[in-house]
Amino acid sequence: MRLVLAWVMAMACLLPLSSLAQDSSGSEAVDAETVHSAFVKLVDRGEMRAQLFGLPADAFWRRSGGLQIALLAEDAASLTSSLERVMAIFSEATGQPVSLIETGASPAPEQDAAGMAPEADLVIAIGSRPDLAQIAFAEKFDLGMLARFELGTLPFMFSFAELPGRRSIVLLADDEPPLAREASFILATVWALGGVTLGPELTGLVGNDEALGPSLTPLGQAVFRLFFNDALTVGMSIEEVNLRAKSLLAE
């Protein structure tokens, strides 16, 4: 089952960022039903939550206390502004501080994951496919994901530590174009915050301006504000969270 899901994810996440985007000005009003539907798509994913994303299958979880990110790449300094734009849009919508606490060189192939920026909640490491594949194999990443990454049909691999910390490791190939890399930054941030997406679930939530970069549409802002509403608490059943979210939107 995990191999099938990894294949589906590979196909979905190869969508360019532009395919997930809509005009951030939003020509239509965001209604409660649309917000709730988009919210449910990021939360109610059954066994996929546990099988691929390290989350309880039937209980709600989101990160609290902010998100600390590390970026490890040979050209980390030139990539920082792109990542910081992504961090800013999610910090604004969720009310959570999202900070870049460490940058550095791409990890060596013999590097263990625990030694990569140990203080970070999310580590994004960019490097060559052979080097990252060696790290992923040693760290027992999903083998279907690893195989497609080595073939060049998947831009990244990811793994999550157990709760409550749920540290996220995302390994991103350095041969990906800038737009795909930025899309990967967006997905990695959503995953680290607690969202479950294969890519298409963000359609209509993410906008992109060639001059200003990525943004959340009015719908996206509403969804991530709801995701971090204080009335939705970690440990609630997914069914209860969905019902409570619906009632909050009706208030």
Side-chain angles (χ1 to χ4, degrees), residues 6 9-10 13-14 17 52-54 63 65-91 94 96-143 145-163 165-195 197 199 213-214:
M9 181 195 61
C13 291
L14 286 176
L17 184 60
L52 280 179
F53 294 95
R63 184 164 299 283
L67 175 62
Q68 299 188 109
I69 302 177
L71 177 63
L72 307 179
E74 294 306 323
D75 54 348
S78 66
L79 300 177
T80 298
S81 60
S82 175
L83 177 56
E84 287 179 336
R85 287 195 297 268
V86 171
M87 291 162 46
I89 63 175
F90 284 101
S91 182
T94 64
Q96 294 288 306
V98 182
S99 54
L100 182 61
I101 64 166
E102 184 175 337
T103 60
S106 180
E110 63 273 10
Q111 174 71 62
D112 66 295
M116 295 183 203
E119 299 302 316
D121 304 309
L122 167 61
V123 178
I124 301 174
I126 303 175
S128 71
R129 289 183 184 271
D131 286 354
L132 296 183
Q134 186 171 328
I135 293 172
F137 183 78
E139 296 292 333
K140 297 182 172 58
F141 277 44
D142 181 274
L143 292 178
M145 193 186 304
L146 173 58
R148 287 169 177 80
F149 181 82
E150 290 183 298
L151 288 171
T153 59
L154 187 62
F156 50 66
M157 300 173 286
F158 56 77
S159 181
F160 304 97
E162 294 181 356
L163 294 173
R166 194 177 172 266
R167 176 172 146 94
S168 309
I169 304 291
V170 176
L171 306 179
L172 175 61
D174 60 9
D175 57 8
E176 291 297 314
L179 198 60
R181 184 169 56 236
E182 196 161 76
S184 297
F185 289 166
I186 291 171
L187 286 166
T189 304
V190 172
W191 296 333
L193 290 171
T197 176

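Checking side-chain atoms of Glu74 against main-chain N and O of Ser106 turns up a donor-acceptor pair under 3.5 Å. With Ser184 contributing its side chain and Ala180 its backbone, the two residues share a donor-acceptor pair below 3.5 Å. Although no hydrogens or angles enter the test, the distance criterion places no donor-acceptor pair under 3.5 Å between the side chain of Ser99 and the main chain of Ile101. Although no hydrogens or angles enter the test, the distance criterion places a donor-acceptor pair under 3.5 Å between the side chain of Asp142 and the main chain of Met145.
Every side chain to side chain donor-acceptor pair (under 3.5 Å) that Ser82 has, sequence neighbours left out, goes to Glu182. In this view, Arg181 satisfies the side chain to side chain donor-acceptor pair (under 3.5 Å) rule with no residue, not counting sequence neighbours.
Here the two rings, on Trp191 and Phe156, have centers that are under 6.0 Å apart.
Counting only heavy atoms from C-beta outward, the side chains of Leu143 and Leu146 approach each other to under 4.5 Å. In this structure, Phe90 and Leu67 have side chains that are not in contact, with every pair of non-hydrogen atoms separated by 4.5 Å or more. For the pair Ile69/Leu83, a side-chain contact is recorded, criterion being any heavy-atom separation below 4.5 Å from C-beta on.
Residues Val170 and Phe158 approach most closely at CG2-CB, 4.1 Å, considering heavy atoms. Residue Gly54 comes nearest to Phe160 through the heavy atom pair N-CD1, 4.1 Å, listed as atom of the first residue, atom of the second, then distance. Arg85 approaches Pro214 most closely through the heavy-atom pair NE-CD, 3.9 Å. Taking each heavy atom of Ala105 and Leu72 in turn, the nearest pair found is O-CB, 3.5 Å.
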Please output the side-chain donor-acceptor pairs of residues 117-141 that fall under 3.5 Å, not counting sequence neighbours, one pair per line with the distance.
unit_1, atom_1, unit_2, atom_2, d
Asp121, OD2, Gln68, N, 2.9
Ser128, OG, Asp131, N, 3.3
Ser128, OG, Asp131, OD2, 3.4
Arg129, NE, Asp175, OD1, 3.4
Arg129, NE, Asp175, OD2, 2.9
Arg129, NH1, Phe149, O, 2.6
Arg129, NH1, Leu154, O, 2.9
Arg129, NH2, Asp175, OD1, 3.2
Arg129, NH2, Glu176, OE2, 3.0
Glu139, OE2, Ala113, N, 2.8

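Here CZ of Arg166 is found 5.0 Å from OG of Ser168. Values are rounded to the nearest 0.5 Å. In this structure, the separation between CE on Met157 and CG on Leu171 is 4.5 Å, given to the nearest 0.5 Å.
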